[in-house]
Structures are given as structure tokens and as C-alpha cells.
Colleague: 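If you scroll down you'll find the structure; I have some questions about it.
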Amino acid sequence: MRKIAIYGKGGIGKSITTQNIVAGLVDMGRKVMVVGCDSKADSTRLLLGRLHQKIVLDTLRKEEDVNLEDFRKEGWGKTLCVESGGPEPGVGCTGRGILTSIGLLEQLGAYDEEVRLDYTFYDGLGNVVCAGFVMPIRERKAQEIYIIISEEIMAMYAANNICRSIQKYAASGGVRLGGLICNSRSVDREDNPIEALAEQLDTQIIYSMPRNNMVQQAEFYSKTVIEYAPECQQAQHYRNLAMAIDQNTNFVIPKPMSNEQLEKFLVKFGLLD
């Protein structure tokens with residue numbers, strides 16, 4: 001089983017991209033489980049066709065005897081969907097909630113060999129701001145990391161920060177960076193800084209996903225593009241991305257920049273005065 005975590009700045013499209021990648025892998029015959037690591041609990045909505053009805057932390061708060069079937073639901077293509085959820089507003093830490101959820105999944109046998117999973121995907125939180133948010137990296141739950149990127153300043157800042165975390169835990173946990181996924185905004189010369197960032201980090205752009213309104217149309221109906229419009233060009237792009245990940249063998253310990261180096265980098269490409 002390959003264990004993959006998808007990261008990137010908040011609002012860059014991690015959840016939508018993750019679910020469409022998963023749909024592409026399912027289309028290839030892979031068995032996949034998705035574990036949402038965001039308190040919004042929307043990491044599986046497109047696969048389930050609705051918001052997840054029971055999140056792990058809510059189930060733990062309300063029930064004494066907990067079974068996998070209480071919170072693991074079957075989605076499109078027989079995907080297995082789990083939402084960690086988060087603490088009550090103003091109380092507790094989302095990172096600790098993720099730790100609790102994944103621990104419970106292990107305890108209840110969600111990763112056991114008889115389940116025959118090909119992949120587990122962790123839809124990560126936004127920017128890395130505390131150790132809890134990188135729990136899948138820190139606790140060896142994720143082996144491969146992919147970062148959603150655009151040419152925006154904060155997207156690049158987040159990607160560099162995430163690479164710092166990967167570098168920190170690479171020796172002890174074996175985690176590696178699989179590459180950057182460019183989520184295009186269709187602005188002028190957006191490829192140049194992203195290609196340069198990949199070179200600086202010593203990684204690859206595993207795919208550049210074009211902007212297409214079909215993504216929003218499918219999301220409106222709570223579906224992945226592959227389910228909503230399987231013959232459209234955007235669906236094929238997601239299949240191509242899924243295949244690129246499935247066949248990827250280029251995993252590295254990234255080489256993140258210091259804050260000073262990153263600032264100079266952003267100035268060079270006119271992203272910062």
C-alpha cells in the first residue's frame with residue numbers, strides 16, 4: 001500500500017484535486033482510501049456525493065463502542081472515505097485530532113492486508129504551522145508527499161515550508177517528496193516561477209493541471225469530473241495525473257530555501273517588490 005499526503009496552501013484546491021486524483025486511480029482499477037485531515041470535513045464530498053455524515057472525532061465523543069462502519073463510508077468506485085474532523089470551535093487542536101483518528105483507524109484494522117488497499121490518501125491541512133498539522137509526515141503515516149502549487153506568493157511560501165518539514169523528518173521517517181502539482185490560474189508567465197521553484201527544491205513538476213470550468217460544474221453536483229463528465233478533456237487530465245503518480249519513481253529529499261533566499265527568489269520573478 002502506498003501512503004500519500006497532499007499538501008499546499010489553504011484554498012489552492014487540495015481537496016478537489018485529491019478526490020479527482022483518487023477517481024483517476026479508481027478508473028485504473030486501484031483500491032483507495034481517503035482520510036480527510038481538515039476540520040471542515042469536506043475531503044470526501046465529491047466521492048460520497050454529500051458531506052460526510054459521521055466524522056471520527058464526533059463519533060468518539062458520542063459513542064463508547066466504535067466500529068469502522070460507524071465512520072468509514074463507501075464512495076464512488078468503492079473508495080473508502082473517512083473524515084477526521086476537528087475539535088469543537090475554540091477547544092483543542094486539529095493536529096491532535098488527526099493523530100487520534102489515524103490511531104483509531106490502525107486499531108480497528110483499516111490498513112490491514114486483508115483490506116487490500118493500493119493507496120491511502122491524506123488530504124492535508126493548509127499551511128504548515130505546527131507539528132500536529134504534519135502528523136502524517138512526522139509519524140511515518142505518509143511516505144509520499146505531493147504539493148499543490150501556483151505562482152502566488154503564499155503558495156510558494158507554503159510549498160517551501162512543507163519541504164522544510166519533509167527534510168526534517170526524511171531521515172527518521174523515510175518520507176519523500178514526489179513532486180509539485182501545478183494548479184493553473186491561467187495568468188501570464190505562471191510556468192516560469194513554478195519551474196524555477198521545482199529546480200530550487202530539487203524536485204519535479206509531476207503535472208500541470210489546466211484551469212477548466214468543468215471542475216466547478218462537477219463540484220456543484222458534488223461529483224468528481226471523472227464521474228460527472230467522464231469523456232471530457234479535463235477528466236482525461238485527471239486520469240493523466242493519476243497515472244503520473246501511479247508510475248512515479250522520482251522521490252527526493254527536497255532542498256528548501258531559507259526565508260532570505262525565498263524572498264530573493266520572489267523578487268527575481270516580480271512576485272515581491
Side-chain angles (χ1 to χ4, degrees), residues 1-8 12-37 43-44 46-48 74-82 110-124 136-137 140-149 159 162-163 166 170 173-184 194 198 201-210 212 214-215 218 223-254:
M1 179 179 64
R2 291 170 63 179
K3 303 172 184 178
I4 294 178
I6 306 291
Y7 281 99
I12 202 167
K14 291 184 302 300
S15 297
I16 290 175
T17 303
T18 299
Q19 290 171 87
N20 278 287
I21 291 170
V22 168
L25 289 169
V26 167
D27 217 33
M28 296 166 59
R30 306 293 187 260
K31 183 69 177 289
V32 188
M33 179 166 70
V34 182
V35 180
C37 298
S43 298
T44 58
L46 306 184
L47 296 167
L48 290 171
E74 187 172 283
W76 184 83
K78 296 187 177 180
T79 52
L80 298 177
C81 301
V82 177
Y111 303 97
D112 288 356
E113 287 186 9
E114 53 264 30
V115 183
R116 298 183 179 179
L117 289 172
D118 295 304
Y119 286 91
T120 293
F121 272 77
Y122 297 101
D123 178 22
I137 298 175
R140 307 181 188 181
K141 308 303 181 188
Q143 300 164 327
E144 306 171 27
I145 308 298
Y146 294 90
I147 302 173
I148 311 290
I149 188 73
I162 293 159
C163 286
I166 297 170
V175 64
R176 297 292 184 268
L177 178 63
L180 308 181
I181 301 169
C182 174
N183 207 8
S184 175
I194 296 172
L201 296 173
D202 196 29
T203 190
Q204 63 181 330
I205 299 174
I206 194 162
Y207 205 81
S208 261
M209 186 59 60
N212 192 303
M214 187 63 72
V215 179
K223 294 181 179 182
T224 64
V225 175
I226 288 174
E227 180 187 4
Y228 177 71
E231 303 303 322
C232 77
Q233 188 175 24
Q234 192 69 9
Q236 189 57 47
H237 278 297
Y238 283 121
R239 291 190 186 97
N240 293 344
L241 172 54
M243 185 174 293
I245 289 174
D246 190 63
Q247 297 179 353
N248 188 25
T249 58
N250 184 12
F251 302 105
V252 302
I253 299 175

Colleague: What is the distance from atom CD of Q234 to atom CG of N20, rounded to the nearest 0.5 Å?
Modeller: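 So the gap between those two atoms works out to 8.0 Å.
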Colleague: Please report the closest heavy-atom contact between S43 and V34, naming both atoms and the distance.
Modeller: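 Heavy-atom minimum between the residues: O-CG1, 4.0 Å.
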Colleague: Can any side-chain N or O of Q204 pair as donor or acceptor with the backbone N or O of A198 at less than 3.5 Å?
Modeller: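 Answer holds: no.
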Colleague: Between P210 and S184, which heavy-atom pair has the shortest distance, and what is it?
Modeller: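 Nearest pair, atom of P210 first, then S184: CA-CB, 4.0 Å.
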Colleague: Which heavy atom of A110 sits nearest to which heavy atom of V115, and what is that distance?
Modeller: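 Closest heavy-atom pair between A110 and V115: O-CG2, 3.7 Å.
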Colleague: Quick check: do L47 and T224 have side-chain heavy atoms less than 4.5 Å from each other?
Modeller: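 Yes, their side chains come closer than 4.5 Å.
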Colleague: Say you draw a straight line from CD1 of I149 to CG of L201; how long is it, rounded to the nearest 0.5 Å?
Modeller: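 Going from CD1 on I149 over to CG on L201, the span is 8.0 Å.
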Colleague: Measuring from I21:CD1 to I148:CD1, what's the distance to the nearest 0.5 Å?
Modeller: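 The CD1 atom of I148 is 5.5 Å from CD1 of I21, to the nearest 0.5 Å.
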Colleague: Give a yes or no on whether the backbone of A170 and the side-chain of R176 come within a donor-acceptor separation of less than 3.5 Å.
Modeller: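 At least one qualifying donor-acceptor pair exists.
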Colleague: Whether the N248 and Y146 side chains hold a donor-acceptor pair (N or O, under 3.5 Å, no angle test) is what I'd like checked.
Modeller: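 There is such a pair between these side chains.
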Colleague: Work out which heavy atom in G8 is nearest to a heavy atom in I162; give both atom names and the distance.
Modeller: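 Closest approach of G8 to I162, heavy atoms only: N-CD1, 3.7 Å.
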Colleague: Hey, is the main chain of P230 close enough, under 3.5 Å, to the side chain of R239 for a donor-acceptor pair?
Modeller: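 At least one qualifying donor-acceptor pair exists.
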Colleague: Nearest heavy-atom pair of G13 and N183: which atoms, and what distance?
Modeller: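 In this case the closest contact between G13 and N183 is CA-ND2, 4.1 Å.
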Colleague: Under 3.5 Å, side chain of D202 to main-chain N/O of P254, donor-acceptor pair present?
Modeller: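 Between the backbone of P254 and the side chain of D202 there is no qualifying donor-acceptor contact (under 3.5 Å).
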Colleague: How far apart are the closest heavy atoms of G178 and I206, and which atoms are they?
Modeller: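 Minimum heavy-atom separation between G178 and I206: O-CD1, 4.3 Å.
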Colleague: Any side-chain heavy-atom pair from L117 and L80 closer than 4.5 angstrom?
Modeller: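 Yes, close enough: below the 4.5 Å cut-off.
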Colleague: Output the distance between atom CE (M1) and atom CZ (R30), rounded to the nearest 0.5 Å.
Modeller: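 M1 CE to R30 CZ: 15.0 Å, rounded to 0.5 Å.
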Colleague: Does the D246 side chain pair with the main chain of A242, one donor and one acceptor, at a distance under 3.5 Å?
Modeller: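 Not confirmed, D246 side chain does not pair with A242 backbone.
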Colleague: For residues K223 and W76, determine if any side-chain heavy atom of one lies less than 4.5 Å from a side-chain heavy atom of the other.
Modeller: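 The answer is no, as the side chains (C-beta and beyond) never meet within the 4.5 Å cut-off.
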Colleague: Say you draw a straight line from OG1 of T18 to CD1 of I181; how long is it, rounded to the nearest 0.5 Å?
Modeller: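 Between atom OG1 of T18 and atom CD1 of I181 there are 7.5 Å.
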Colleague: Do F251 and Q143 make a side-chain contact, defined as non-hydrogen atoms from C-beta onward lying under 4.5 Å apart?
Modeller: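 Heavy-atom side-chain distance check fails, nothing below 4.5 Å.
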Colleague: For L241 and T17, run side-chain contact (heavy atoms from CB on, under 4.5 Å): C-alpha distance rounded to whole Å, both residues' side-chain angles, the deciding distance at 0.1 Å, then the answer.
Modeller: CA-CA 10 Å; L241 172 54; T17 303; 4.2 Å; yes
Colleague: Taking the side chain as every heavy atom from C-beta outward, state whether T79 and E74 have any atom pair closer than 4.5 Å.
Modeller: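 Side-chain contact under 4.5 Å: no.
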Colleague: Under a 4.5 Å cut-off applied to non-hydrogen side-chain atoms, are Y238 and D27 in contact?
Modeller: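 No, side chains not in contact.
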Colleague: Under the side-chain contact (heavy atoms from CB on, under 4.5 Å) rule, what do S15 and L46 come out as? Steps first, then yes or no, please.
Modeller: CA-CA 9 Å; S15 297; L46 306 184; over 6 Å; no
Colleague: Please check if the side chain of N212 supplies one atom and the backbone of M214 the other of a donor-acceptor pair under 3.5 Å.
Modeller: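 Checking the backbone N and O of M214 against the side chain of N212, a donor-acceptor pair under 3.5 Å is found.
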Colleague: Less than 4.5 Å apart, any side-chain heavy atom of V26 and any of I226?
Modeller: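 Result no, sub-4.5 Å side-chain heavy-atom pair not found.
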Colleague: Can you find a heavy atom in the side chain of Y7 that is under 4.5 Å from one in the side chain of L177?
Modeller: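 Side chain of Y7 against side chain of L177, heavy atoms only: no contact under 4.5 Å found.
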Colleague: Enter the distance from D123:CG to K14:NZ here, rounded to the nearest 0.5 Å.
Modeller: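 Taking CG in D123 and NZ in K14, the distance rounds to 6.5 Å.
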